[in-house]
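Residue numbers start from 1 in every chain, and the chains themselves are labelled A, B, ... in the order their sequence lines are given, proteins ahead of strands.
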Number of protein chains: 2
Amino acid sequence: MKENNVTINSIAKSLGISVTTISRVLNGLGEQYRISKKTIELVKVTADNLNYSPNNIAKGLRLKKSSTIGLIVPDITNAWFAQLAFGIENEARKHHYNIFLCNSNDDIKVEKKTISLLQNWMVDGIIIAPIGLDCEHLVKASKSGTPLVLIDRFFEGVDLPYISSNDYEGSLDANQYLIDNGHKKIACFQGIVGTSPNKQRLEGYKQALKNNKIAFNPELVMGNDFGFNNGYTSAKKLIKNLAKTNITAIFSMGNQITLGLLKAFKEEGVQIPNDISIVSFDEQIYSDLLFTPMSTVSHMSENLGDMSLKMLFDQFDKNENTKPKNVVLKSKLIIRDSVKNLKLKN
Amino acid sequence: MKENNVTINSIAKSLGISVTTISRVLNGLGEQYRISKKTIELVKVTADNLNYSPNNIAKGLRLKKSSTIGLIVPDITNAWFAQLAFGIENEARKHHYNIFLCNSNDDIKVEKKTISLLQNWMVDGIIIAPIGLDCEHLVKASKSGTPLVLIDRFFEGVDLPYISSNDYEGSLDANQYLIDNGHKKIACFQGIVGTSPNKQRLEGYKQALKNNKIAFNPELVMGNDFGFNNGYTSAKKLIKNLAKTNITAIFSMGNQITLGLLKAFKEEGVQIPNDISIVSFDEQIYSDLLFTPMSTVSHMSENLGDMSLKMLFDQFDKNENTKPKNVVLKSKLIIRDSVKNLKLKN
DNA sequence: ATGAAAGCGCTAACAA
DNA sequence: TTGTTAGCGCTTTCAT
């Protein structure tokens, strides 16, 4: 903690002027209160000389406003969330807001704790990519006066403003694309079971099968984590039984999963797309540069930061009749070389 | 801002007990002050029922301690810093500290502003990956009572504790490796000129040349940014004159630069390592999975978060004679397939 | 075993 | 044009 004892109080004393005047001048309210130019100048100069800087904590206590926004993501290491955080932080700074960064680690307990921690910090609002297993604590937070914006995931039938990716559609498209290329036995490498994006993506997978009259086989759905290791171990298992199972394609629900999976395939000499086809969620800057250019579902938006922050600020005005409109990001299938067309003879 | 009006004051009133007692009980000091078990129980239960949660801002003002740490990185989107942030945040949470995340965008002005902003927030300390162009403001901050830990970069002859990567050695190794493989005309794709890692890596490059009696040619050093686009455009330029210049290898100073460069080469059909060899700074989880497995300089440590936080906490104790020891992360050359051995006939 | 009161640094209603 | 003062919610010294 900085040990700068220069306060408006100390300035006031040393100048023989009241704190009010100091406060006013330093907040640019000198004109408004018709404080004499002499005084204004004097205050400004001495504040400068003494290297005064306001104590935001005291300000926050007084104003009941912290100029701080909480950002909760599952994992800042995930490029998608890093980009989100970057956008938000940059935009927030322009508005003189600070960002509390918190990782929930996709752990609902951590998420709940974090929410209340942030509330104790009197954050002016929270932007959160929720785990999605539960939303009671979110509703409670919102009701108790902490504006919320959900990002990436939302809750059906719950009145919390959100910016969501169209996970369902993205998944549907990806799997339809696989099916269009003649794939019928498609393994599904999933993330954390029960989380909202996982549910949506699984729904899309199932629906695509259904639309094409392919029976859903729960044994083809594997894994329970969005991380690299999950992809790696699942892939190793899959490779063992590849001949038996006749699986010809994989639908991967996350970029980290996909990397793990690629690593395993590389180690085992499995060729993509010759031996197995892949479509993966999450377009990345390197998707095109992998040893097999990856077909991906992209669901990023450049101005995600602006958008989410704006949705939050809109709530600050408390104008009940201007509820922020929810946003659904379009997802887009980017086709590259990781899927083999089984309908073509080769 | 949460509008929870439950304060120790309101509890005190409703219970007809003094705030002092409430405060003591709620801070677990009941025993110590020999408050009767009845009262303790009563206070705890009502606090719970009323859903009381302490106002950290008020606490901070009183205690002159914010339980908050500022983290300044150039760009959270860069995987290296994301990993750092993840580690720090996780560790900080265990100690009930919050993290203010700030991107400096490699802009020294932003860095300076951010430092003073964080100081106004009374952060208990700052962990920063400084731009490296200047350190006056850092020294000032440190002297004024805000403990600092520099990460990734440091300043020679300046008494600020740091955890640094051994950029110089890493660069020296990488370039020696290229030279050992018969490369003499090595282009250097650099990041932001003047920043500390860039300087160090450039030094390593120069030294490697010198050690092998190869003249340094400033025209071979190109670019001025750690981003993707810089790699891309520099590579495009380089390709145009590839035949003329006889450049056989590239030393890239950052992973994002390398991705841009790969993109350009892919577009232009330039083969790696046949047409040109590459060694890149920054090992990434996908380095092995690129269309040409990339030889990289790795300089990450798993427990970077713990370490940097610990260095900060050590300073809190203000025990002057236990100054934290600086740490230099070993850099390690990881050899893959992106360098051609020119000494072998093919 | 419990409480009164001061004060952290700031803002703003009210006064003059 | 400037100042007095109360109070944001909390901790802690000093009293009892």
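An OP1 or OP2 oxygen of D:dG9 is reached within less than 4.0 angstrom by a side-chain nitrogen or oxygen of A:Lys64. Between B:Thr39 and C:dT2 there is a side-chain N or O to OP1 or OP2 distance below 4.0 Å. The phosphate of C:dT2 has OP1 or OP2 within less than 4.0 Å of a side-chain N or O from B:Ser36. Between B:Tyr52 and D:dC10, a side-chain N or O to OP1/OP2 separation shorter than 4.0 Å is present. For the OP1/OP2 pair of C:dT11 and a distance below 4.0 Å, the side-chain nitrogens and oxygens of A:Asn27 include at least one atom meeting the criterion. For B:Ser18, a side-chain nitrogen or oxygen approaches OP1 or OP2 of C:dG3 to under 4.0 Å. The side chain of A:Thr21 contributes no N or O atom lying less than 4.0 Å from OP1 or OP2 of D:dT2.
Remark: A:Asp106 engages A:Arg153 in a salt bridge, criterion side-chain N to carboxylate O under 4.0 Å. Contact check on A:Lys94 versus A:Glu91 returns a salt bridge, with a Lys/Arg side-chain nitrogen under 4.0 Å from an Asp/Glu carboxylate oxygen. A:Lys44 has no carboxylate O lying under 4.0 Å from a charged side-chain N of A:Asp48, or vice versa, which leaves the two without a salt bridge.
Note: CD (A:Gln32) to P (D:dT1) measures 13 Å, nearest angstrom. The distance from atom CD1 of A:Ile35 to atom C1' of D:dG3 is 11 Å, rounded to the nearest whole Å.
In this structure, B:Asn9 and A:Lys37 both approach DNA chain D, and ranking their closest nucleotides by distance from the 5' end singles out A:Lys37. Comparing B:Thr20 and B:Ala58 by the nucleotide of DNA chain D that holds the closest heavy atom to each, the one mapping nearer the 5' end is B:Ala58.
Between the side chain of A:Arg62 and the base of D:dG9, no donor-acceptor pair under 3.5 Å is found.
Among the atoms of the strands shown, only primed sugar atoms or phosphate atoms (P, OP1, OP2) are found under 4.0 Å from some heavy atom of B:Gly16.
Inspection of the A:Gln119 and A:Thr146 side chains reveals an N or O donor paired with an N or O acceptor under 3.5 Å.
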